[in-house]
There are 2 protein chains.
Amino acid sequence: MDTSTALAIFRQQLEKYVVFNEAEWIIFIQHLTFQSLKKKKHFAEYGKVCCDVGFIISGSVRYYMVKDGEEITGYFSFENEFVSSYKSYLTQQPAVNYIQALDDTLLIVISHKNMHLMLNNPMLAYKMERFGRLIAEHYLICYEDRMASFITKTPEERYLDLLTNGREVLQRMPQHYIANFLGITPVSLSRIRRRILELTR
Amino acid sequence: MDTSTALAIFRQQLEKYVVFNEAEWIIFIQHLTFQSLKKKKHFAEYGKVCCDVGFIISGSVRYYMVKDGEEITGYFSFENEFVSSYKSYLTQQPAVNYIQALDDTLLIVISHKNMHLMLNNPMLAYKMERFGRLIAEHYLICYEDRMASFITKTPEERYLDLLTNGREVLQRMPQHYIANFLGITPVSLSRIRRRILELTR
DNA sequence: CTAAAACGTTAACAAAAGATAAGAATTCGT
DNA sequence: ACGAATTCTTATCTTTTGTTAACGTTTTAG
């Protein structure tokens, strides 16, 4: 995909949050860069400050932490979604997690530095504050839903939710990533799948 | 506590996020109201749109959902913290949870209507966007931490975290609220406490 | 193309958690 | 102050999950 197509897609997706006029857009895109991540390469790593927010033009990533030498996958992001180790990005402190490309992934990137240049550029400041607010609110709602499912639902119920809603996650993802995502072990997920199969058979 | 003291506290706490000059402050406070919630009264209820964000001057609240007729407590907020059923507030759709005062609680309230009046008031718009962004980012980080603990830690580890960090939550909170908050049953928490006692004895 | 690595299922056993109920201690409402 | 309700612990039993290991299959890398 060429960069102008990617930018057009980005602009269209952004319009959920904020609409730039031509003059603003020209300045805005000067603060963007492209990043191409080969499969298995990292967008963010434990112990390193995450300097970027990315917007996924194509591909996908997984978020994981390492505990007792084990990788534990906590989340995924797909096309037309944002990706960052937000706490690290926002505080510019070292990240506690990894973010890794699951496929070859093309991203539009806003560095923390460029974001703050825009937040301090009178031409863009207002819209960037608004943009930042709406993005943060959007992901706040995602987290609120996800926390609620952990508090009120069993792993089996969360998996059934995934079957009905989370098409994309299930299609191409290794099952042990999904197990972690649900808060259980791969073996346990395999058993849950068996139980469901037996019931629906 | 009188209202001017409360406002002074609020102003000071807000300075973590945004600093108002005198002219702005005068307009800002015209968009605030006070709310006094008796113990056990609700700040938000299932099925009703949550129209307000509150700032807790004194007291505390718990967030809970009802599942199979059971109340399941998912979170708490204390003095100098914000409280809202954010998804409902932000989308103005009916809430899926309840928020209830644990003690008599005094709040400073910004209604959704007033928030949007300020967001559209040229005198305040920029700072309110910024305020909204920073608040959302703050709670995004809280959620990120909390999700991480659910994905990577056992209930026992989460309880031990609470023992070292969460002083306030543990002090005055019924134990079955804390159990829900940890994602387990009250009986299970009681057993975890016993195990810990036996080890440290 | 081939060897190695990763993946998903299953089994067997251990550990933990859920459900239910009983009983004592504490708190609450009036 | 009193009875009722709530809270916490403990016990028992059941269910679920974790752990480890084995096995066949699939995918990956060189």
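Small disclaimer: the values here were computed from a predicted structure and weren't measured. Each chain gets a letter, A, B and so on, in the order its sequence line appears, and its residues count up from 1.
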- request: Taking the six-membered ring for Trp and the single ring otherwise, decide whether the centroids of A/F181 and A/F76 are under 6.0 Å apart.
  value: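 Close enough - the centres of the two rings lie under 6.0 Å apart.
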- prompt: Starting at the 5' end of DNA chain C and moving along, which residue's nearest nucleotide shows up first, B/R195 or B/K39?
  reply: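 Residue closer to the 5' terminus by nearest nucleotide: B/R195.
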message: Between A/R193 and A/Y159, is there a side-chain donor-acceptor contact under 3.5 Å, judged purely by atom types and distance?
response: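 Yes, a side-chain donor-acceptor pair sits under 3.5 Å.
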Does [X] reach a base, just sugar-phosphate, or nothing at all? Heavy atoms under 4.0 Å.
| X | answer |
| --- | --- |
| A/S190 | base |
| A/L189 | nothing |
| A/P155 | sugar-phosphate |
| B/K40 | nothing |

Just how far, in rounded Å, is [atom2] of [N] from [atom1] of [X]?
| X | N | atom1 | atom2 | answer |
| --- | --- | --- | --- | --- |
| A/K67 | D/dG18 | NZ | P | 11 Å |
| A/Q175 | D/dT26 | CD | C1' | 14 Å |
| B/E198 | D/dT9 | CD | P | 13 Å |
| A/L102 | D/dT28 | CG | C1' | 15 Å |
| B/R62 | D/dT7 | CZ | C1' | 14 Å |
| B/R158 | C/dA16 | CZ | C1' | 13 Å |
| B/H176 | D/dC8 | NE2 | P | 7 Å |
| A/I184 | D/dT19 | CD1 | C1' | 15 Å |

- prompt: Are A/R130 and A/Y17 in a cation-pi setup, meaning NZ or CZ lies under 6.0 angstrom from the ring centre and within 45 degrees of the ring axis?
  reply: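 Because its charged atom misses either the 6.0 Å distance or the 45° angle limit, A/R130 does not stack over A/Y17.
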message: Please determine whether a side-chain nitrogen of the Lys or Arg among A/E70 and A/K67 lies less than 4.0 Å from a carboxylate oxygen of the Asp or Glu.
response: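 Looking at A/K67 together with A/E70, the answer is no, because their closest N to O distance does not fall below 4.0 Å.
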Side-chain N,O (A/S188) to OP1/OP2 (D/dG18) below 4.0 Å: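 Checking A/S188 against D/dG18: at least one side-chain N or O falls below 4.0 Å of OP1 or OP2.
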query: Between B/T185 and C/dA17, is there a side-chain N or O to OP1/OP2 distance below 4.0 Å?
result: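 Negative; the distance criterion is not met.
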field: Among C/dC7, D/dG18, D/dT9, the one nearest A/Y177 by side-chain distance
entry: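 Comparing C/dC7, D/dG18, D/dT9 against the side chain of A/Y177, the answer is C/dC7.
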message: Quick check for you: among C/dA19, D/dT7, C/dA11, whose closest atom lies nearest to any side-chain atom of A/V187?
response: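 Comparing C/dA19, D/dT7, C/dA11 against the side chain of A/V187, the answer is C/dA11.
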A/F20 side chain near A/L14 side chain, heavy-atom distance below 4.5 Å: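 Side chain of A/F20 against side chain of A/L14, heavy atoms only: contact under 4.5 Å found.
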Under 3.5 Å, which donor-acceptor pairs link side chains of residues 88-109 of chain A to any protein atom two or more places apart or in another chain?
{"from": "A/S88", "atom 1": "OG", "to": "A/C50", "atom 2": "N", "distance (Å)": "2.8"}
{"from": "A/S88", "atom 1": "OG", "to": "A/Q93", "atom 2": "O", "distance (Å)": "2.6"}
{"from": "A/T91", "atom 1": "OG1", "to": "A/K87", "atom 2": "O", "distance (Å)": "2.6"}
{"from": "A/T91", "atom 1": "OG1", "to": "A/Q93", "atom 2": "N", "distance (Å)": "3.3"}
{"from": "A/Q92", "atom 1": "NE2", "to": "A/C50", "atom 2": "O", "distance (Å)": "3.4"}
{"from": "A/Q92", "atom 1": "NE2", "to": "A/Y89", "atom 2": "O", "distance (Å)": "2.9"}
{"from": "A/N97", "atom 1": "OD1", "to": "A/S85", "atom 2": "OG", "distance (Å)": "2.6"}
{"from": "A/Q100", "atom 1": "OE1", "to": "A/R62", "atom 2": "NE", "distance (Å)": "3.0"}
{"from": "A/Q100", "atom 1": "OE1", "to": "A/R62", "atom 2": "NH2", "distance (Å)": "3.1"}
{"from": "A/Q100", "atom 1": "NE2", "to": "A/K40", "atom 2": "O", "distance (Å)": "3.1"}
{"from": "A/D103", "atom 1": "OD2", "to": "A/S60", "atom 2": "OG", "distance (Å)": "2.9"}
{"from": "A/D104", "atom 1": "OD1", "to": "A/K39", "atom 2": "N", "distance (Å)": "2.8"}
{"from": "A/T105", "atom 1": "OG1", "to": "A/S60", "atom 2": "N", "distance (Å)": "3.2"}
{"from": "A/T105", "atom 1": "OG1", "to": "A/S60", "atom 2": "O", "distance (Å)": "3.2"}
{"from": "A/T105", "atom 1": "OG1", "to": "A/D103", "atom 2": "O", "distance (Å)": "2.8"}

message: For the helix from C/dC1-D/dG30 to C/dT30-D/dA1, what angle separates the axis at the start from the axis at the finish, each from five pairs, in steps of 10°?
response: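 That helix has its two terminal axes inclined by roughly 70°.
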Listed pairs under 3.5 Å, donor-acceptor, residues 134-141 of chain B side chains, sequence neighbours left out:
{"from": "B/E137", "atom 1": "OE1", "to": "B/R133", "atom 2": "NH1", "distance (Å)": "3.4"}
{"from": "B/E137", "atom 1": "OE2", "to": "B/R133", "atom 2": "NH1", "distance (Å)": "3.2"}
{"from": "B/Y139", "atom 1": "OH", "to": "B/F82", "atom 2": "N", "distance (Å)": "3.0"}

Side-chain donor/acceptor contact of A/R191 with base of D/dG18 under 3.5 Å: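 Between D/dG18 and A/R191, which were checked side chain against base, a qualifying N/O pair under 3.5 Å is present.
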task: Tell whether A/R194 reaches the base of C/dG8 with its side chain through a donor-acceptor pair below 3.5 angstrom.
output: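 Answer is no: no donor-acceptor pair is held.
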task: Over 60° means perpendicular and under 30° means parallel, so classify the ring planes of A/Y143 and A/Y75, tilted if in between.
output: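 Rings of A/Y75 and A/Y143: parallel, as their planes differ by under 30°.
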